[in-house]
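It should be emphasised that the depicted structure is a prediction, and the values quoted were computed from it without experimental measurement.
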Amino acid sequence: RFKGPTLWSIENPYQYKVVTQIVQNNKVVDQTETSFGVRFFKFDAQKGFYLNGKQTKILGVCLHHDLGALGAAINIRAMERQLEILKAMGCNAIRTAHNPPAPEFLDLCDKMGFLVMDEAFDMWKKKKNSKDYHLNFPEWYKKDLEDMLKRDRNHPSIILWSIGNEIREQFDSTGIAITKELVSIVKSLDKTRPVISALTEMKPEKNFIYQANALDIYGLNYNHKFYKEFPVKYPNVKFLATETTSALETRGFYDTADTIRRWPRDGKTKFTEGNKEWSASSYDNVSAYWGSTHEERWKEAKKYNHVSGLFVWTGFDYL
């Protein structure tokens with residue numbers, strides 16, 4: 001008697017395989033195998049994230065498509081090694097910052113039991129630098145987004161589609177129409193997963209991506225002190241900390257200072273207060289001015305059920 005499928009989970013990433021054949025004159029002329037997993041999940045505005053009915057805190061990292069000194073060329077074992085290290089330290093989720101990852105990387109996440117926030121864009125029409133994707137966005141955004149969805153939607157690891165990171169259009173009304181269109185493209189190809197964008201503007205009346213009223217979940221970068229008041233400012237809105245921390249440590253260096261320091265103190269003041277070795281303590285007492293230490297951020301994230309989880313910046317250092 002069939003009791004239902006074995007569910008894919010973080011602890012037991014069980015996958016099935018579909019074999020598709022083309023048969024001509026009783027002869028198989030082509031064949032392909034597709035792996036998939038069966039799981040169910042939901043985000044809740046009050047209780048956070050549930051996987052297969054179990055309340056689960058998303059403990060993730062942001063990870064560039066970058067293998068340090070090896071470069072961005074595909075090296076499956078190098079990617080697997082990173083995921084093994086992250087898994088061993090308790091990480092259960094990856095945010096692909098800030099572009100679609102290699103398909104081989106998603107295969108590993110399926111196999112190893114990582115939840116994935118699959119991210120499409122780091123900018124739309126408004127540039128972050130003169131040579132970035134804003135030059136290609138008008139011609140390619142629809143094709144690129146559709147290709148990502150069609151390529152990746154069979155992966156059980158993926159639980160979120162992200163349409164952007166710190167997009168400049170959140171600060172003016174042009175963000176409304178673009179947000180609605182991008183979400184519409186996603187929903188036309190996959191209605192089973194929520195859509196999110198990693199935002200920085202916290203005031204609802206000033207965030208035009210939020211005002212589009214098209215996102216399923218509010219994603220916030222940094223600003224950990226805002227977690228407590230989020231349900232008041234955004235009643236019944238689902239919440240995920242999409243980028244956090246930016247803590248600074250130097251491996252093997254220990255400075256016993258008992259104060260938390262922001263280095264630099266802001267984006268304009270010349271940095272003069274650092275250690276003479278240009279190092280930061282591994283005791284987790286230094287962060288960038290826009291971020292927090294790991295402990296500061298984790299205290300806030302675990303304190304509140306409405307915080308579905310978080311993604312630490314970053315999983316691995318990058319070039």
Is a side-chain donor-acceptor pair under 3.5 Å present for [Y] with [X]?
| X | Y | value |
| --- | --- | --- |
| Asn221 | Glu166 | yes |
| Asn99 | Tyr133 | no |
| Asp110 | Ser157 | yes |
| Asp266 | Thr269 | yes |
| Asn305 | Asp44 | no |

Give a yes or no answer on whether the side chain of [X] reaches the backbone of [Y] with a donor-acceptor pair at less than 3.5 Å.
| X | Y | result |
| --- | --- | --- |
| Asn52 | Phe40 | yes |
| Asn92 | Leu59 | yes |
| Asp132 | Asn129 | yes |
| Asn75 | Ala78 | yes |
| Lys142 | Ile185 | no |
| Gln82 | Phe316 | no |

Do Phe43 and Tyr50 have their ring centres less than 6.0 Å from each other?
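Centroid separation for Phe43 and Tyr50: 6.0 Å or greater.
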Would you say the ring centers of Phe230 and Tyr218 fall short of 6.0 Å from each other?
yes
Under the side chain to side chain contact (heavy atoms under 4.5 Å, CB included) criterion, do Ile22 and Gln31 qualify, and how do the steps go?
CA-CA 6 Å; Ile22 297 176; Gln31 176 173 307; over 6 Å; no
As an exercise, state the distance from [atom1] of [X] to [atom2] of [Y], rounded to the nearest 0.5 Å.
| X | Y | atom1 | atom2 | answer |
| --- | --- | --- | --- | --- |
| Ile10 | Arg39 | CD1 | CZ | 11.5 Å |
| Trp298 | His224 | CH2 | NE2 | 14.0 Å |
| Arg95 | Met117 | CZ | CE | 4.5 Å |
| Leu106 | His155 | CG | NE2 | 4.5 Å |
| Lys150 | Leu145 | NZ | CG | 10.5 Å |
| Asn165 | Phe121 | CG | CZ | 12.5 Å |

Considering all heavy atoms, the nearest [X]-[Y] contact:
| X | Y | result |
| --- | --- | --- |
| Ile94 | Phe311 | C-CE2, 3.5 Å |
| Lys238 | Ile217 | O-CG2, 3.5 Å |
| Ser292 | Arg297 | OG-CB, 3.3 Å |
| Ser281 | Glu249 | O-CG, 3.3 Å |
| Ala247 | Asp284 | CB-OD1, 4.0 Å |
| Gly219 | Thr242 | C-OG1, 3.4 Å |

Can we say [X] and [Y] salt-bridge, meaning some charged N sits less than 4.0 Å from an Asp/Glu carboxylate O?
| X | Y | result |
| --- | --- | --- |
| Arg168 | Asp122 | no |
| Glu104 | Lys111 | no |
| Glu273 | Arg261 | no |
| Glu169 | Lys125 | no |
| Glu84 | Arg81 | no |

Is the count of non-hydrogen atoms from other residues, nucleotides or ligands lying under 6.0 Å from [X] atom [atom1] greater than 12?
| X | atom1 | value |
| --- | --- | --- |
| Glu205 | CD | yes |
| Arg151 | CZ | yes |
| Asn213 | CG | no |
| Lys128 | NZ | yes |
| Arg77 | CZ | yes |
| Trp263 | CH2 | yes |

Salt bridge (Lys or Arg N to Asp or Glu O under 4.0 Å) evaluation trace for Glu33 with Lys17:
CA-CA 7 Å; Glu33 296 183 353; Lys17 187 178 292 182; 3.4 Å; yes
Side chains of [X] and [Y]: does their closest heavy-atom pair fall under 4.5 Å?
| X | Y | result |
| --- | --- | --- |
| Phe114 | Leu83 | yes |
| Leu108 | Ile76 | yes |
| Phe49 | Gln55 | no |
| Asn154 | Thr34 | yes |
| Tyr210 | Val237 | yes |
| Ile163 | Ile178 | no |
| Thr314 | Leu63 | no |
| Val186 | Leu182 | no |

Mind checking whether Leu199 and Phe171 sit in one hydrophobic cluster, side chains of I, L, V, M, F, W, Y counted as touching below 4.5 Å?
no
Treating Ile, Leu, Val, Met, Phe, Trp and Tyr as nodes and any side-chain heavy-atom pair under 4.5 angstrom as an edge, say whether Trp140 and Met148 lie in one connected cluster.
yes
Just jot down the salt bridge (charged side-chain N to carboxylate O under 4.0 Å, His left out) partners of Glu11, sequence neighbours excluded, or say none.
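For Glu11 there are no salt bridge (charged side-chain N to carboxylate O under 4.0 Å, His left out) partners, ignoring immediate neighbours.
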Among residues two or more places apart or on two chains, list those pairs meeting side-chain hydrogen bond (donor to acceptor under 3.5 Å, both in side chains) that have a residue in residues 173-200.
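Listed once each, the pairs are Tyr141-Glu181, Trp161-Asp190, Gln170-Thr200, Asp172-Thr174, Lys187-Asp216, Asp190-Thr192, Asp190-Arg193.
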Apply side chain to side chain contact (heavy atoms under 4.5 Å, CB included) to Ile209 and Glu201, showing your working.
CA-CA 10 Å; Ile209 290 179; Glu201 175 52 63; over 6 Å; no
Test ring pair (Phe, Tyr, Trp, His ring centres under 6.0 Å) applied to His64 - qualifying residues, sequence neighbours left out:
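Expected list: His98, Trp313, Tyr318.
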Go through the steps to decide whether Lys228 and Tyr304 satisfy the test side chain to side chain contact (heavy atoms under 4.5 Å, CB included), and finish with yes or no.
CA-CA 7 Å; Lys228 180 180 179 179; Tyr304 305 109; 3.3 Å; yes
